[in-house]
There are 2 protein chains.
Amino acid sequence: MRLESATLTSPPNPLTCCSPLRTAPMDVQQATDLAPILKAIADPSRLRLLSIIAADARGEVCVCDLNDALDLSQPTISHHLKVLHEADLLIREKRGVWVYYSVNTETLNSLCALFGGVC
Amino acid sequence: MRLESATLTSPPNPLTCCSPLRTAPMDVQQATDLAPILKAIADPSRLRLLSIIAADARGEVCVCDLNDALDLSQPTISHHLKVLHEADLLIREKRGVWVYYSVNTETLNSLCALFGGVC
DNA sequence: CATCGATATTGACAAAGATCGATGTGTGGG
DNA sequence: CCCACACATCGATCTTTGTCAATATCGATG
């Protein structure tokens, strides 16, 4: 007996439009929309990037710092950040020459809700 | 204020050994161990299979039913179930000729905790 | 405006993964 | 003991993806 009316204000987010896993079987559309978001975090390098940003006290990290944090080339880091950003997991903000990424808390919470059904 | 002592009884579960994303940066080992579990659910077909099983009222589903539920060949379904099982997301039980899968609630809860830090 | 430094994009390539048909394995019934 | 059925494994194929070197873009600064 749950209202599925979250589609009004924000851009259509496959996560918030989606009931918790244990509530109902997922149809093809839901699964197709959801998979890319999960694929985005299902990579060791991206997991590390995300956790570095998520755990940062200032709430944001400059790309220049991320480039040094992992043993990967600059284009590869840039690619991973793009994947995370397009999955709505990271928020991008350009300031001057630098680019800062912060985590999208809403998406993380939705992921939690997907698995738990409680959060 | 969470006790991190879950490594005594059960097989080493990379999820329960892992603090929530927002707590601390993940090292290479943690990320490498965690990624396969997330990869397992980061596929549309496996998402559907998992949700079908998770939403089932009896708490378990026979493979023979899953074979009909998705528009995929029997070997492909079997492969996906194996991936989910090896990621500790599904519990497998053979009864006679039939095989029944149920969700591993612990793993799902751990995933929730990973993203939320609260569950 | 020429240049430098920070990110992003492109193109290429190897590795991983999703899928299927064919075949193997094991269980229960006749 | 043999057959039918449920499920798993194998081998092949096609697509996706992670990675890098090279190059492009874009903003600041002299």
Rounded to whole Å, how long is the line connecting atom [atom1] of [X] with atom [atom2] of [N]?
| X | N | atom1 | atom2 | answer |
| --- | --- | --- | --- | --- |
| A:D43 | D:dT17 | CG | P | 11 Å |
| A:Y100 | C:dA8 | OH | P | 13 Å |
| B:L84 | D:dC7 | CG | P | 16 Å |
| A:W98 | D:dT29 | CH2 | C1' | 11 Å |
| B:K94 | D:dA6 | NZ | P | 13 Å |
| A:L81 | D:dG18 | CG | C1' | 14 Å |
| B:H80 | C:dA18 | NE2 | P | 6 Å |
| B:R92 | D:dC7 | CZ | P | 10 Å |

- Message: Hydrophobic clusters here meaning ILVMFWY residues chained together by side-chain heavy-atom distances under 4.5 Å, can you tell me if B:V83 and B:L111 are in one?
- Response: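 No, it is not one cluster - the side chains of B:V83 and B:L111 are not joined through contacts under 4.5 Å.
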[X] vs [Y] side-chain heavy atoms within contact, under 4.5 Å:
| X | Y | result |
| --- | --- | --- |
| A:L50 | A:L90 | yes |
| A:L81 | A:V99 | no |
| B:V103 | A:L21 | no |

Nearest to side-chain heavy atoms of [X], which nucleotide of [options]:
| X | options | result |
| --- | --- | --- |
| A:T76 | C:dG21, C:dT7, D:dC20 | D:dC20 |
| B:V99 | D:dA8, D:dG27, C:dG17 | D:dA8 |
| A:V97 | D:dG27, C:dT19, C:dA18 | D:dG27 |
| B:N67 | D:dC7, D:dC20, C:dA6 | D:dC7 |
| A:L72 | C:dT7, D:dC20, D:dT9 | D:dC20 |

Below 4.0 Å: OP1/OP2 of [N] and any side-chain N or O of [X]:
| X | N | answer |
| --- | --- | --- |
| A:R95 | C:dA6 | no |
| B:S45 | C:dT19 | yes |
| B:H79 | C:dA18 | yes |
| B:S78 | C:dT19 | no |
| A:S73 | D:dT19 | no |
| B:K82 | D:dT9 | yes |

- Task: Can you spot which of B:H80, B:R46, B:R48 makes a side-chain contact (heavy atoms from CB on, under 4.5 Å) with B:L70?
- Result: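 Of all the options given, the one that passes is B:R48.
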- Message: Quick check against the 3.5 Å criterion: does B:R22 have a side-chain atom that pairs as donor or acceptor with the backbone of B:F115?
- Response: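 Checked: pair present.
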- Message: With a 3.5 Å limit on both atom pairs, tell me what C:dC20 is paired to, counting Watson-Crick and G-U wobble, or say none.
- Response: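 D:dG11 - that is the nucleotide pairing with C:dC20, both distances being under 3.5 Å.
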- Please tell me which of A:I77 and A:K39 maps to the more 5' nucleotide of DNA chain C, matching each residue to the nucleotide holding its nearest heavy atom.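 Going by which nucleotide is closer to the 5' end, it is A:I77.
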- Message: Does B:Y101 reach a base, just sugar-phosphate, or nothing at all? Heavy atoms under 4.0 Å.
- Response: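 Sugar-phosphate contact only.
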- Of B:V63 and A:V83, whose closest DNA chain D nucleotide lies nearer the 5' terminus?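 Result of the comparison: B:V63.
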- Task: Kindly say whether, by distance alone, the side chain of A:Q74 makes a donor-acceptor pair under 3.5 Å with the base of C:dA8?
- Result: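 Flag set: donor-acceptor pair detected.
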